[in-house]
Amino acid sequence: MEEQIVQEDIVKAAQEEAEKAEGSRALYEVKMKFLGRAGIVTAMLKKMKEIAPEERPSFGKKVNAIREKLEQDFAAAEARVKQRELAAKLESESLDVTMPGKRQKKGALHPVTRVKNELVDIFAGMGFEIFEGPEIENDYYNFTALNTPADHPARDMQDTFYLSEEYLLRTQTSAGQIRFMEEHRPPIKMLSPGRVFRSDDDATHSPMFHQMEGLVVDKNVTLCDLQGMLDEFARTMFSSSSKTRLRPSYFPFTEPSVEVDVSCHACGGKGCPLCKGTGWIEVLGAGMVNRRVLENCGIDPDEYTGFAFGMGIERIAMLKYGINNIKLLTENDVRFLEQFKD
C-alpha cells in the first residue's frame, strides 16, 4: 500500500509541474527532472541493488509502470504546449488588412554618384571610352611613367599611402591613362573615373575621394581642342551660359599645363560669395601630354599630340549643389541625402 502511494505521488507531482510549465523549454526541464539521466525515476532504478533479490522483479515492474505513465503524460503535455505556442504565434503574426499600409521611403542616388553619371554621359556623348584602372598601383604607373621626378613632393610618405616599397594606393586616376596607352594605339579618347587616396584631410579635402581623368591622343591635337571640349562640358554640367578660361600652371605629365576655371554659375560671372567675388571658379587641371609620357607608352610624340585633364568629382558636386564641407558627402546623414531626390 505504501509503495502504491509513492507511485501515485510521483505521477501526481509530475502532472502538476507539467501543467505549470510555460513553454516548451520549461516543460523539457520538468521532463528531465523525472525521466532524465539524473531524474527521479532513474534514481529509483539505481536503488534496485539495495533491495532483496526476491523483491527486485516486483519493484522493477512498478518503476517501469511509473516511467511508462510519465512518458505518456509528458507526450500529451508537449502536444498541448506546442498547440498553445502555435496559437500565440499566429495571433502575434496576424495581419489586419484594414489598417493603413506603411509607406516605404524612396531612396536617392548619392550626389557623388549623380555627378559621376552626368560626367560619364557628357564625355561618352563626345566619343570617350570608359576605362577603370586598379586602385592598388605600383610606383611606375602612378609616378614614373607620368614623368614625376624621383624627388617630387607627391612621392613623400606624408602625401601617399604606401603599401610597400613598390605598391601604393593610387593618388590619381592618371595611372589609368598609361595602362590604356600601352594597350591601345592612337587615335585615343578615354575617360578614367574612380577612387583615389591621398594623405589630406580638411573641410575641402578627404583622404579618399573620386577623380575623373580624360585623355585624347591623335594627330594635330591642340589646346584649342581642349578648351572647346571643356566649354561643352561646362555648359552641360553647370549652365548654358558657362564659359571656361585657361591659366598657366605646372604638372609633370603635361607641357604646357593649365588650371581651368569656369564662370560662376551662381552669379553669372558678376561676383558672389561662391566665387569669392572673382566671377570664376577653379574646377580642374589639364594640359598637353608631355612628350616623355607619350614616349614611355611607345607613341611617337613627333607624329601624335594629345591633351589630358583631371577633375575631382566631389569638387564638382560641391560646386553644383552648393555643399560647403566635403565631409557631408561621407557622413551618410539621411537628412542631407534626402535633399537630392528627384
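All residue numbers in this chain count up from 1 along the given sequence.
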Tell me whether [X] at atom [atom1] has more than 12 heavy atoms from other residues, nucleotides or ligands lying less than 6.0 Å away.
X	atom1	result
L163	CG	yes
E165	CD	no
Y28	OH	no
N220	CG	no
Y140	OH	yes
Q339	CD	yes

May I ask you to decide whether [X] forms a salt bridge with [Y], counting only side-chain N to carboxylate O separations under 4.0 Å?
X	Y	value
R291	E255	no
E303	K219	yes
E282	R247	yes
E85	K82	no
E137	R179	yes

- Item | Residues forming a side chain to side chain contact (heavy atoms under 4.5 Å, CB included) with R103, sequence neighbours excluded | none
- Starting from the C-alpha separation in whole Å, work towards a yes-or-no answer on salt bridge (Lys or Arg N to Asp or Glu O under 4.0 Å) for E17 and K20. CA-CA 5 Å; E17 292 194 35; K20 295 177 181 178; over 6 Å; no
Keeping the roles fixed (side chain from [X], backbone from [Y]), state whether a donor-acceptor pair exists under 3.5 Å.
X	Y	value
S58	E55	no
S192	G176	no
T42	A38	no
H110	L329	yes
D225	V221	no
S164	Y167	yes
S263	K243	yes
N147	R292	no

Rounded to the nearest 0.5 Å, what's the gap from [atom1] on [X] to [atom2] on [Y]? Could you check?
X	Y	atom1	atom2	answer
R185	Y304	CZ	OH	8.5 Å
L169	R198	CG	CZ	12.5 Å
R235	S240	CZ	OG	9.0 Å
D333	E338	CG	CD	9.0 Å
L215	Q177	CG	CD	4.5 Å
I136	L168	CD1	CG	9.5 Å

Write down the atom of [X], the atom of [Y], and the distance for their closest heavy-atom approach.
X	Y	result
P111	A317	O-CB, 4.2 Å
V30	A18	CG1-N, 4.1 Å
A145	N296	O-ND2, 3.1 Å
I130	P193	CG2-CD, 4.0 Å

- Candidate pair L90 and L86, rule side chain to side chain contact (heavy atoms under 4.5 Å, CB included), full reasoning: CA-CA 6 Å; L90 293 174; L86 178 59; 4.1 Å; yes
Starting from [Y], can I reach [X] by hopping between I/L/V/M/F/W/Y residues whose side chains sit under 4.5 Å apart?
X	Y	result
V262	M311	yes
I299	M190	yes
L191	F131	no
F180	M288	no
V283	F209	no

Are side-chain heavy atoms of [X] and [Y] found at a separation under 4.5 Å?
X	Y	result
Y321	R114	yes
I178	L146	yes
R67	F34	no
Q227	L246	yes
L27	E22	no
K189	E129	no
P256	L223	yes
F143	T160	yes

Testing the 3.5 Å rule here: is there a donor-acceptor pair between the side chains of [X] and [Y]?
X	Y	value
E182	Y141	yes
N142	T171	yes
D231	T244	yes
S174	E213	yes

- Name the one of E132, E135, E314 that satisfies salt bridge (charged side-chain N to carboxylate O under 4.0 Å, His left out) with R195? E135
- Message: For a side chain to side chain contact (heavy atoms under 4.5 Å, CB included) check, start with the C-alpha distance between M212 and L119, then their side-chain angles and the critical distance, and finish with the verdict.
- Response: CA-CA 8 Å; M212 183 167 290; L119 290 170; 3.4 Å; yes
- Item | Evaluation steps, side chain to side chain contact (heavy atoms under 4.5 Å, CB included), between Q172 and F253 | CA-CA 12 Å; Q172 53 197 356; F253 36 85; 3.8 Å; yes
- Task: I would like to know whether Q15 and K69 meet side chain to side chain contact (heavy atoms under 4.5 Å, CB included); could you show each step before the answer?
- Result: CA-CA 10 Å; Q15 290 174 341; K69 175 61 175 171; 3.9 Å; yes
- Relative to each other, are the rings of F238 and F233 parallel, tilted or perpendicular (30° and 60° limits)? perpendicular
- Query: Once the angle between the rings of F336 and F340 is folded into 0 to 90°, is it parallel (under 30°), tilted (30 to 60°) or perpendicular (over 60°)?
  - Reply: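 Correct class here is perpendicular.
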- Message: E166 vs N138, test: side chain to side chain donor-acceptor pair (under 3.5 Å). Steps then yes/no.
- Response: CA-CA 6 Å; E166 181 180 0; N138 60 38; 4.6 Å; no
- Residue that, paired with V115, satisfies side-chain contact (heavy atoms from CB on, under 4.5 Å) out of V120, L319, I313: I313
